[in-house]
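Data first, discussion second: the structure below is written as structure tokens.
Numbering of ligands and ligand atoms starts at 1, following listing order. In what follows, residues are counted from 1 in the order of the sequence shown.
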Amino acid sequence: MDYTLEYFRESVDYIRKFVPWEPEIAVVLGSFLGPFADAVEDPIVIDYRDIPNFLVSTVKGHAGKLIFGTVAGRRVVCMSGRFHYYEGYDFEQLVIPIRLFKLLGVSATILTNAAGAVNAAYQPGDVMIVTDHIKLAGASPMRGRNVDAFGPRFFDVTRMYTPELRKLALDCAAGTGLTVHEGVYMFFTGPQYETPAEIRAARILGADAVGMSTVTEALTAAHCGMPLLCLSVMTNMASGVLDTPLTTGEVLETAERIAGPFSDYIIKIIDRMREVAL
Ligand code: HPA
């Protein structure tokens, strides 16, 4: 399947019936980071199921709604619930949300996720601004015939986590009450959490956090030249860092605890994105 401009035309036409304006910024919310969605003013909510040629969320904690509205005076589209490889989607299908955003007129994307902390100096509840990633698992979302309308066959990823947005996010950390680091995110396919040996290997390779999302979306954004900011919330210490098994309970507990301040942090960043020439 080629995810061409034509593929998305139906999705865009459907959305335009409800949302006659162009969103400037897209925000993709990770597991249980939903309070940001509640902060969207004058929301127009569209169920993924109703959008032609879109995908559906199958994971608990991922609502499955596109929310259009205003945050800090900026027009946003917020994806409450994302798609993961472990749900059974092919890497190639995971280009869909970002390409749709691009055609809707979005000029910058903020990706968020829940992640396990590999860096022993991090703590659950800390935030990491992603500076780079490691993806050794699986294929590229851009595998297959290139869609030139979105970007070139071979593309540079040295600045894919936009330096100006990373700097802005770091500047915005002061006063939020959050501990904010900069680090490298390593992608694992899941749905099993990693083994302790995988986490030791990840650390040796230079990873500070691990997770099961984001990288496919980030690469799709890089391919179409979309400025990008990625923020990871450390919901737990990664496997083997502590002497206790990982539980989804602790992941969700931390995500819920941090969701309020994290949402305020994203709103502050969106407000101050006006200062950044992209
Ligand atoms: N590993 C992978 N994904 C995750 C983790 C983890 O430890 N925590 C939250 N998402």
Side-chain angles (χ1 to χ4, degrees), residues 27-36 57-64 79-89 91 94 110-138 141 161 178-219 230-263 265-266:
V27 182
V28 178
L29 298 174
S31 302
F32 289 90
L33 300 173
F36 175 82
S57 283
T58 67
V59 192
K60 192 167 176 283
H62 286 260
M79 197 171 155
S80 182
R82 63 140 60 85
F83 313 114
H84 308 81
Y85 178 73
Y86 64 73
E87 292 174 78
Y89 295 118
F91 279 109
L94 298 175
I110 301 175
L111 301 174
T112 68
N113 61 53
V118 174
N119 188 324
Y122 293 5
Q123 288 188 357
D126 289 0
V127 174
M128 185 183 88
I129 300 165
V130 177
T131 58
D132 205 345
H133 76 242
I134 302 171
K135 175 180 170 302
L136 301 182
Y161 297 98
L178 296 167
T179 302
V180 179
H181 310 276
E182 289 187 288
V184 173
Y185 178 95
M186 184 161 180
F187 172 79
F188 282 83
T189 58
Q192 72 284 354
Y193 293 116
E194 301 71 29
T195 64
E198 285 168 337
I199 294 303
R200 287 195 297 277
R203 187 175 300 116
I204 291 167
L205 292 176
D208 297 291
V210 290
M212 306 174 195
S213 67
T214 300
V215 165
T216 47
E217 297 146 352
L219 286 167
C230 290
L231 302 171
S232 295
V233 172
M234 301 302 118
T235 50
N236 55 285
M237 298 311 290
S239 165
V241 174
L242 306 175
D243 211 13
T244 47
L246 296 194
T247 65
T248 303
E250 82 177 303
V251 170
L252 301 184
E253 221 172 87
T254 312
E256 273 168 26
R257 171 166 66 82
I258 215 68
F262 186 64
S263 165
Y265 179 46
I266 303 173

Item to check | Main-chain N/O of Val28 paired to Thr112 side chain as donor or acceptor, under 3.5 Å | outcome: yes
Next on the checklist: How far is atom 3 (N) of ligand 1 from the closest protein heavy atom, and which atom is that?
Outcome noted: Gly211 CA, 3.5 Å
Checklist outcome for this item: Of all protein heavy atoms, the one nearest atom 10 (N) of ligand 1 is Ala114 O, 3.3 Å
Checklist entry - Side chain, backbone, both or neither: which part of Ala115 has a heavy atom under 4.0 Å from ligand 1? => result backbone
Checklist entry - Relative to the heavy atoms of Leu246, which atoms of ligand 1 are at a distance of less than 4.0 Å? => result 7 (O)
Checklist entry - Just how far is it from atom CZ of Phe262 to atom CG of Leu29, taken to the nearest 0.5 Å? => result 8.5 Å
Checklist entry - Looking at ligand 1, does Tyr193 have a heavy atom less than 4.0 Å from it? => result yes
Item to check | Protein contact to atom 7 (O) of ligand 1 [nearest heavy atom, distance to 0.1 Å] | outcome: Asn236 ND2, 3.0 Å
Checklist entry - For atom 1 (N) of ligand 1, which protein heavy atom lies nearest, and how many Å away is it? => result Glu194 OE1, 2.8 Å
Checklist outcome for this item: For Asp132, the side chain to side chain donor-acceptor pair (under 3.5 Å) test, sequence neighbours excluded, returns none
Checklist entry - Which of parallel (below 30°), tilted (30 to 60°) and perpendicular (above 60°) describes Tyr122 and His181? => result parallel
Checklist outcome for this item: Applying ring-ring contact (aromatic ring centres under 6.0 Å, His included) to Phe188 and not counting sequence neighbours gives none
Checklist entry - Can you name the one residue among Leu111, Ile129, Asn113 that meets side-chain contact (heavy atoms from CB on, under 4.5 Å) with Cys230? => result Leu111
Checklist entry - To which of Asn113, Val118, Val233, Thr235 does the heavy atom nearest atom 9 (C) of ligand 1 belong? => result Thr235
Next on the checklist: Can you classify the ring geometry of Phe91 versus Phe187 as parallel (below 30°), tilted (30 to 60°) or perpendicular (above 60°)?
Outcome noted: perpendicular
Checklist entry - Which protein heavy atom lies closest to atom 5 (C) of ligand 1, and at what distance to 0.1 Å? => result Gly116 N, 3.4 Å
